[in-house]
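Report on one structure; see the data block that follows.
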Amino acid sequence: NAGVTQTPKFQVLKTGQSMTLQCAQDMNHEYMSWYRQDPGMGLRLIHYSVGAGITDQGEVPNGYNVSRSTTEDFPLRLLSAAPSQTSVYFCASRTPFPVVTFFGQGTRLTVV
Amino acid sequence: GNSVTQMEGPVTLSEEAFLTINCTYTATGYPSLFWYVQYPGEGLQLLLKATKADDKGSNKGFEATYRKETTSFHLEKGSVQVSDSAVYFCALSDFNQAGTALIFGKGTTLSVSS
């Protein structure tokens with residue numbers, strides 16, 4: 001039972017480069033989300049999706065794009081990386097009621 | 001809007017000491033409350049939860065009671081172990097609202113020494 005799988009685990013980008021963080025879940029969850037974790041800030045919601053074809057912005061969406069073409073996958077795209085996007089990124093999915101949220105192992109991204 | 005405030009860390013304890021990590025919340029509805037734990041280099045794991053007032057969540061010796069009158073959900077453990085060293089996050093969500101995600105506190109780092 002893989003749960004929520006994120007790739008890559010580590011990434012270094014140069015300012016201005018683009019990349020996609022991958023997230024896949026095998027639990028058939030409709031709800032998926034992306035968070036970023038920064039020291040002293042906790043986790044902040046970037047984007048979320050309530051099902052295939054439906055996405056919405058969270059607290060800190062600027063500089064990121066998402067799409068949801070399948071139930072399983074929810075990739076996060078950085079369009080033009082900036083040093084302020086250096087962070088640890090977590091993908092999550094959750095069950096319907098009763099709600100249980102599952103997190104991936106995280107992607108540590110450094111933008112230089 | 002909804003928010004979570006938890007005590008600043010780091011918290012440094014000796015093994016077998018009593019642990020309390022304070023958490024208070026602000027919410028417009030009737031949120032569910034959670035404690036998550038993050039061990040070094042890992043993702044977040046659900047530690048315990050409570051879905052309504054006066055519920056007590058418990059797991060692995062940790063407990064927290066949902067107190068609506070004080071809007072609090074403090075985490076406690078009677079005797080901590082070195083293996084409890086981790087970052088602890090308090091979170092809330094009002095799942096009655098479509099699309100509502102978890103809202104996290106800033107996290108409290110716990111370090112337990114033998």
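What you see below is based on every heavy atom in this structure, not just the backbone, and it leaves out hydrogens, waters and symmetry mates. None of the values given here were measured: they were computed from a predicted structure. Residue numbering restarts at 1 for every chain, and letters A, B, ... go by the order of the sequence lines.
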Which atoms of Y35(A) approach chain B - backbone, side chain, both or neither, heavy atom under 4.5 Å: side chain
Sub-4.5 Å side-chain heavy-atom contact between F102(A) and M27(A): yes
side-chain hydrogen bond (donor to acceptor under 3.5 Å, both in side chains) between Q37(A) and Q38(B), worked out: CA-CA 12 Å; Q37(A) 182 183 22; Q38(B) 184 180 30; 2.9 Å; yes
Contacting moiety of Q6(B), where chain A heavy atoms sit under 4.5 Å: neither
Heavy-atom pairs under 4.5 Å with chain A, option from G105(B), G43(B), A91(B) with the top count: G43(B)
Any donor-acceptor N or O pair under 3.5 Å, side chains S87(A), R108(A): no
V66(A) and its side-chain contact (heavy atoms from CB on, under 4.5 Å) partner, picked from D56(A), T20(A), T55(A), L21(A): T55(A)
